[in-house]
Structures are given as structure tokens and as C-alpha cells.
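Comments concern the structure below.
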Amino acid sequence: MLTYTALLFIPKKPAYNFFTESFEKGLQLYSKGVFIEDKNKSLIPDYFKFVKGLVDSSDLSLNVSREMLQHDRQLKKIASHVEKKIKSELESMLQHERETYETFYDAYKLSLKYGIYDMFGINKDKLQDLIMFETSKSEKLITLKEYIDRKPEDQKNIYYATGKTRNRMMNLPQMDAMENQDIEVLLCYDDVDEFMFQAMQQYQDLPFKSIQQGDLDIDKNKKKEVKKQEKEHQSFLDAIKKELKDDVKDVKLSTRLTTSPVCVIAGEGVSLEMEKVLNQMPNGEGVKAERILELNADHALIKTLRTRFEADETSIQAISRLLYDQALIAEGIQLENPKQMMEALTQLLK
């Protein structure tokens, strides 16, 4: 029979170096009240490294060395019990002391999220019910389970958007269709979020789906309408695609836009948000997402520019630059050459 006493607590605020490599996790280890080690790293997993405290067990030998501790069966059993206790206490706090949990979550959410992402999501089942998000319908944090419980029964994906501020995400052109279909969207502010979703893949059998990537496939009627419009717009789309051949993989009519004229989305693989994050890392320069420019055929701007193109095909360079740069700005991507956009706008206003 394994016997031990554990005294554990979570500091209200992270240590000054908590998010740096210099931070050392671990619990103090005692045997029969005799101090053995100050920070035993094997007692606590990385994703719970915010937990402080001590463990005292009468089952550990006082003569055990640090090297032997790493392979000690009793210590591994204690660590497993400690991990389960921490998880159950956090779940209880979430259920019964919501405000306290949200304060904790604001301080240590990155540890939980990186814990899910690490090792290709091997620990997702332990942590996925502890993470929370704002949504397009509420600034109040909700869990994934709460999102599932209040979604429409026929919704087949968990939708999310990424960005640095709520205002920017709520004003994404891609949010048009979600609001039109009354679909709630998780709002993700942290760089790790999208990597975490890729590691998780799904929650309760529902895949995670970025509204900024790929085909949303949420409005069958809109899809049929766009299919009918494609023929009359094809020469316009082809001309823009040819002009932007170095910037985008494809140019097509959008099924996701209702009030916005244009947007840029990512194809399969690396998303636009991942591109930003990876290019900020050492030796990460050169990562580029597959970009697709989508146009709203019903928008007055697109109708006007198509008419302009049909009257003067030489205007396509300015039209293409204006639409693409406008889409990049809406996505929060910095323009490499803002002067080009101004020149295009000036030319079209002549």
C-alpha cells in the first residue's frame, strides 16, 4: 500500500520567469519528514508546472540518490496520483467556483494549451475540458463542452477564428457567413491555439474548423447561387488570378461573404495565422500559407470593378492590387508595399 502526504497550492500570479526556460518546476520531496530534494521534476507534469508544494512519503528510502529517484516505482505512482488530484481539483473549481477558476485560467492557460499541443496531443483527453474561450456571441469564457451543448444540432464542426483582438476577429469578412447562419465562433488570441487545435483534431467527434481556411460549407443555397454566377464572372476571375499569380493560388467567388466585398483565406496545410507565428521564430522565415482570394459577387464594389474591367481590360492590374491588399488588411496582414495600393486606388478613381 502506497502512503504519502501532499500539500499543494497554485500561486495567484505566475513567477516572473514562469514562461522562460529558466523556470524550474517541481515539488519538494520528503521521506518521513526528512528533506530529500527541493524541486523534484518527476512529481509534476509540465502542463501542471504552476503547482507548488511538497510530498512526504514513508515509502521512500532515505538513502535513495537523485539518479535512483528518476526510476523509482513508488515515486512514479505518487506522481500519477498527484496529477489526477490536481486535475480533479481544477475540474471541481471550474464547476463550483467559476470566477476563481477564470482568474486561475487567465494566469496559466498557456500551460494547459501547450500541454495539449505537446507530443502530438497525447495528453488532450486530460486537459481539453479545462480550456476556455470567448466566442463571437459572448465575451464570457466558455468550455468546449458548453459550446457543444448550445450549438445547433445539425452543426458538424467546431468553428474558430484567430487574431490579436476581439474587434479584429469580429470584423473579419469571414465572420459574415457565421453571423448570417447564427453560428457561434470560438475566438482565439494566443499563438498556440491553432497548433493546439491541429493536435486535438476534434472534440466529442466534431472536427475543429477555422473560418479563415478552406471551404466552410455551411450554406447550401449560397453554394448553388455562386455556382450559377461563376460563368459570367469567369473571365474577371481568371484575369485577377493571372495578375496575382505570384501571390495567390486561386481566385474564386465566395460562399462565405455577405456584406464584405473580398477576403483572403488559406488553403490546406499552413494557415495564415500559423504563417505569422512561424515566421517570427528563429530560422522560420520563408514559411508561406497557400492563399486564396475570394470575391463577393453580390457586392456593389465587385460589380463596379467588373464593369470597369469589361470596359477597360488594362485596369485589371489596379483592380487586382486593390482587392488583394484590401483582403490582406482585413486579415491583419501588413502590406509589403502600401504605396502600390494607393497607386491602384488613385488610378481607379481617375
- Query: Is it true that the side chains of Tyr160 and Glu194 contain a donor and an acceptor less than 3.5 Å apart?
  - Reply: yes
- Message: Is there a path of hydrophobic side-chain contacts, each under 4.5 Å between heavy atoms of I/L/V/M/F/W/Y residues, joining Leu253 to Leu257?
- Response: no
- Message: Within this structure, what is the CD1-CD distance for the pair Ile142 and Glu184, rounded to the nearest 0.5 Å?
- Response: 4.5 Å
- Note on the structure: Test side chain to side chain donor-acceptor pair (under 3.5 Å), reference Gln174, set Gln212, Arg256, Glu331, output is Glu331
- Message: Assigning hydrophobic clusters by single linkage (Ile, Leu, Val, Met, Phe, Trp, Tyr; side-chain heavy-atom cutoff under 4.5 Å), is Phe208 placed with Ile265?
- Response: no
- Message: Evaluate Thr3 against Asp59 for side chain to side chain donor-acceptor pair (under 3.5 Å), listing each step before the verdict.
- Response: CA-CA 7 Å; Thr3 59; Asp59 295 322; 3.3 Å; yes
- Task: Would you indicate whether Ile122, at its atom CD1, is surrounded by more than 12 heavy atoms from other residues, nucleotides or ligands within a distance under 6.0 Å?
- Result: no
- In terms of hydrophobic clustering (I, L, V, M, F, W, Y; side-chain heavy atoms under 4.5 Å; direct or indirect links), are Leu112 and Phe9 co-clustered? no
- Does atom CD of Gln317 have more than 12 heavy-atom neighbours from other groups under 6.0 Å away? no
- Item | salt_bridge(Lys222, Asp298) N-O dist < 4.0 Å | yes
- Query: Would Glu275 and Arg291 pass as an ion pair if we require N to O under 4.0 Å?
  - Reply: yes
- Look at Lys87 together with Glu83 and state whether they make a salt bridge at an N to O cut-off of under 4.0 Å. no
- SB check Glu343 Arg321 (cutoff 4.0 Å): no
- Message: Between Lys41 and Glu24, is the salt bridge (charged side-chain N to carboxylate O under 4.0 Å, His left out) condition met? List the steps.
- Response: CA-CA 8 Å; Lys41 295 179 175 58; Glu24 289 187 67; 3.4 Å; yes
- Should we say atom NZ of Lys288 is surrounded by more than 12 heavy atoms from elsewhere, each under 6.0 Å from it? yes
- Query: Hey, are Arg150 and Glu146 close enough for a salt bridge, meaning a charged N less than 4.0 Å from a carboxylate O?
  - Reply: no
- Pairs satisfying ring-ring contact (aromatic ring centres under 6.0 Å, His included), at least one member in residues 113-149, at least two apart: Tyr117-Phe195, Phe133-Phe197
- Message: Is it true that, when you exclude Glu232 itself, more than 12 heavy atoms of the residues, nucleotides or ligands shown sit nearer than 6.0 Å to its CD?
- Response: yes
- Query: What is the distance from atom OG1 of Thr135 to atom CG of Leu187, rounded to the nearest 0.5 Å?
  - Reply: 6.5 Å
- Is the number of heavy atoms from other residues, nucleotides or ligands within 6.0 Å of CE (Met170) greater than 12? yes
- Message: One thing to verify: whether Glu290 and Lys249 come together as a salt bridge, which I'm taking to mean a side-chain N less than 4.0 angstrom from a carboxylate O.
- Response: yes
- Query: When you check the gap from the basic side-chain N to the acidic O, do Asp215 and Lys223 get nearer than 4.0 Å?
  - Reply: yes
- If you measure from CG on Asn40 to CD1 on Ile78, what distance do you get to the nearest 0.5 Å? 9.5 Å
- Can you tell me if NZ on Lys84 sees more than 12 non-hydrogen neighbours from other groups inside 6.0 Å? no
